[in-house]
Amino acid sequence: MLKDRILTFEDLIKELLSVYNEDGEIIDDGWTVYYKDVKKIKKTTECCISDSIIVTDDDEEVYPSFAVQNDMDSYVTDEIIVDVITEYLM
């Protein structure tokens with residue numbers, strides 16, 4: 001999964017479907033999808049793929065710089081995105 005780039009949720013889903021493997025799985029390898037806080041996510045909503053949030057010893061969440069630079073402070077993990085797409089395809 002190419003990280004630190006902006007795309008729409010529609011493009012993200014298309015890309016994930018293209019890497020759906022023979023075992024009926026999409027590999028999740030520690031990425032997170034970030035987006036600006038919106039009332040409802042639409043297929044045209046912009047997002048970015050970047051590294052997962054780091055949680056410090058003080059329980060502070062440290063966002064990747066690419067997400068911060070693009071004001072994307074809402075997120076969904078790779079596991080959730082993959083689970084949703086996999087369930088949809090079944």
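Please read all numbers here as calculations on a predicted model, not as lab measurements.
- In this structure, E15 pairs ionically with R5, as a charged nitrogen and a carboxylate oxygen lie closer than 4.0 Å.
- Legend: residues meeting side chain to side chain contact (heavy atoms under 4.5 Å, CB included) with V76, ordered by chain and number and at least two apart, are V33, I80, I81.
- Taking OG1 of T8 as the start and NZ of K14 as the end, the distance is 7.5 Å to the nearest 0.5 Å.
- Under the 4.5 Å side-chain heavy-atom criterion for Ile, Leu, Val, Met, Phe, Trp and Tyr, I49 and V38 are members of the same hydrophobic cluster.
- Remark: S50 engages D4, Y34, P64, F66 in a side chain to side chain contact (heavy atoms under 4.5 Å, CB included) (not counting sequence neighbours).
- Separation of atoms CD1 (I41) and CD (E46) is listed at 13.0 Å; rounding is to 0.5 Å.
- Of all heavy-atom pairs between S74 and D37, the closest is OG-CA, 3.5 Å.
- For S52, the side chain to side chain contact (heavy atoms under 4.5 Å, CB included) partners at least two apart in sequence or on another chain are T32.
- Taking 4.5 Å as the limit, some side-chain heavy atom of I85 sits within range of a side-chain heavy atom of I13.
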Could you walk me through whether N70 and I6 pass the side-chain contact (heavy atoms from CB on, under 4.5 Å) test, one step at a time?
CA-CA 9 Å; N70 289 284; I6 294 178; 3.3 Å; yes
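- Here the CD-CD1 distance, from E60 to I54, works out to 11.0 Å after rounding to the nearest 0.5 Å.
- A distance of 4.0 Å separates CG in D51 from NZ in K3, rounded to the nearest 0.5 Å.
- Atom SG of C48 sits about 8.5 Å away from atom CG of L7, to the nearest 0.5 Å.
- By the 4.5 Å heavy-atom criterion applied to side chains, Y75 and E61 are counted as neighbours.
- The shortest side-chain heavy-atom distance between F9 and K42 does not fall under the 4.5 Å cut-off.
- A salt bridge is absent between D73 and K36; no separation between the charged side-chain nitrogens and carboxylate oxygens falls under 4.0 Å.
- Taking CG of L12 as the start and OG1 of T45 as the end, the distance is 11.5 Å to the nearest 0.5 Å.
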